[in-house]
Amino acid sequence: MRLLHFAPETHLRKLLEPRVARYETADLYADDVDYCVDLQALPFPDAGYDFVYASHVLEHVPDDGRALAEIRRILAPGGMAILPVPIVADRTVEYPAPNPYESDHVRAPGYDYFERYRMHFARVDCIDSSKAPERYQTYVYEDRTGWPNEQSPLRPAMSGERHRDIVPLCYVHEEGGR
């Protein structure tokens with residue numbers, strides 16, 4: 001398997017690298033990666049990877065539709081991408097400019113965000129933390145009632161302190177279609 005890991009987390013590299021034939025890393029700014037590339041314009045050939053992993057990356061990318069198209073383009077038939085983003089709103093809110101107080105996020109992804117993936121992939125399965133057995137819950141515990149505020153003026157408030165987390169699994173058809 002050929003794996004491309006964007007914004008690679010060290011702890012995941014240790015887990016993933018020994019399990020694949022080719023493990024490569026990419027980031028827009030980091031020095032310690034194989035490729036310094038823009039996710040919106042990848043220099044890789046079509047169908048060059050079997051698996052793409054980019055966790056908490058797309059909320060920083062201005063043209064996420066173009067980035068999703070590029071990820072789909074570099075995936076081989078039968079390939080898969082795991083592309084989670086932080087869910088911080090009920091519905092996605094686009095920002096006019098990167099917010100420096102939110103690590104330069106250009107949007108506040110909501111539960112509807114993964115609908116964008118369906119335009120690019122044959123199948124998108126959203127693994128929802130609320131469906132896991134209670135002892136394995138991966139909820140995000142955070143008070144979000146203080147939004148909007150001076151640092152995050154566009155983020156809408158969310159009630160509660162326990163918020164679902166969602167991991168999207170994005171699949172390419174075996175034949176190489178979407």
Side-chain angles (χ1 to χ4, degrees), residues 1-10 12-13 16-17 20 22-127 151-156 165-173 175-178:
M1 179 181 286
R2 302 159 296 174
L3 186 151
L4 182 60
H5 188 173
F6 284 93
E9 302 89 345
T10 304
L12 286 179
R13 180 181 190 140
L16 297 171
E17 189 170 19
V20 297
R22 189 174 89 206
Y23 176 88
E24 297 176 341
T25 58
D27 194 276
L28 184 57
Y29 302 113
D31 296 331
D32 59 343
V33 294
D34 297 311
Y35 305 103
C36 286
V37 296
D38 184 342
L39 194 52
Q40 301 164 106
L42 296 174
F44 309 121
D46 294 357
Y49 293 93
D50 302 297
F51 183 57
V52 171
Y53 184 79
S55 181
H56 291 234
V57 172
L58 290 169
E59 69 275 13
H60 302 273
V61 178
D63 189 346
D64 58 344
R66 181 69 193 138
L68 288 165
E70 283 291 280
I71 291 168
R72 169 55 198 93
R73 181 185 64 75
I74 67 168
L75 280 169
M80 180 176 123
I82 298 179
L83 308 170
V85 294
I87 303 298
V88 296
D90 289 318
R91 300 209 42 86
T92 301
V93 176
E94 296 291 330
Y95 300 169
N99 184 334
Y101 298 108
E102 296 177 23
S103 303
D104 288 325
H105 286 192
V106 295
R107 69 188 52 82
Y111 291 111
D112 63 327
Y113 186 71
F114 305 115
E115 290 304 314
R116 298 175 188 204
Y117 295 17
R118 288 182 170 84
M119 292 184 281
H120 301 278
F121 296 96
R123 189 175 102 222
V124 178
D125 294 340
C126 292
I127 309 303
Q151 293 181 334
S152 297
L154 298 175
R155 279 194 180 178
D165 194 19
I166 296 175
V167 176
L169 309 179
C170 307
Y171 299 93
V172 177
H173 275 308
E175 309 84 46
R178 238 180 12 148

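Fair warning: this is a prediction, and the values are worked out from it, not measured in the lab.
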Tyr95: partners by ring pair (Phe, Tyr, Trp, His ring centres under 6.0 Å), with sequence neighbours left out = none

Check whether the ring centres of Tyr53 and Phe6 lie less than 6.0 Å apart, and answer yes or no.
-> no

Name all residues meeting the side chain to side chain contact (heavy atoms under 4.5 Å, CB included) criterion together with Val61; count only those two or more places apart in sequence or in a different chain, and write none if there are none.
-> Leu39, Gln40, Val57, Leu58, Ala67

For Pro98, enumerate each residue passing the side chain to side chain contact (heavy atoms under 4.5 Å, CB included) test, keeping only those at least two apart in sequence or located in another chain.
-> Asp104, Val106

Shortest non-hydrogen contact from Ala89 toward Pro156 = CB-CG, 3.8 Å

Asp90: partners by salt bridge (Lys or Arg N to Asp or Glu O under 4.0 Å), with sequence neighbours left out | none

Check whether any side-chain heavy atom of Val172 sits under 4.5 Å from a side-chain heavy atom of Arg72, and report yes or no.
-> yes

Would you please name every residue forming a salt bridge (Lys or Arg N to Asp or Glu O under 4.0 Å) with Arg116, sequence neighbours left out?
-> Asp64, Glu94

With sequence neighbours left out, write down each residue that passes side chain to side chain donor-acceptor pair (under 3.5 Å) with Tyr23, or none if nothing qualifies.
-> His5

Output the distance between atom CG (Leu75) and atom CZ (Phe44), rounded to the nearest 0.5 Å.
-> 12.0 Å

Salt bridge (Lys or Arg N to Asp or Glu O under 4.0 Å) with Glu17: which residues, sequence neighbours excluded?
-> Arg13

Considering residues at least two apart in sequence or located in another chain, which fulfil the salt bridge (Lys or Arg N to Asp or Glu O under 4.0 Å) criterion with Arg73?
-> Asp46, Glu70

Can you list the residues that meet the side chain to side chain donor-acceptor pair (under 3.5 Å) rule with Gln151, with sequence neighbours excluded?
-> none

Tell me, please, whether Tyr49 has Arg22 positioned over its six-membered ring: NZ or CZ under 6.0 Å from the ring centre and within 45 degrees of its axis?
-> yes

Sidechain N-carboxylate O distance under 4.0 Å for Glu24, Arg2 | no

Excluding sequence neighbours, so at least two apart, what forms side chain to side chain donor-acceptor pair (under 3.5 Å) with Asp27?
-> none

Are Cys170 and Met80 close enough, and set up right, to give a side-chain contact (heavy atoms from CB on, under 4.5 Å), and what steps lead you there?
-> CA-CA 5 Å; Cys170 307; Met80 180 176 123; 5.9 Å; no

Non-neighbouring partners of Pro86 that pass side chain to side chain contact (heavy atoms under 4.5 Å, CB included), sequence neighbours left out | His56, Glu59, Val88, His105

Mind checking side chain to side chain donor-acceptor pair (under 3.5 Å) for Ser55 and listing every partner two or more places apart, or none if nothing turns up?
-> none

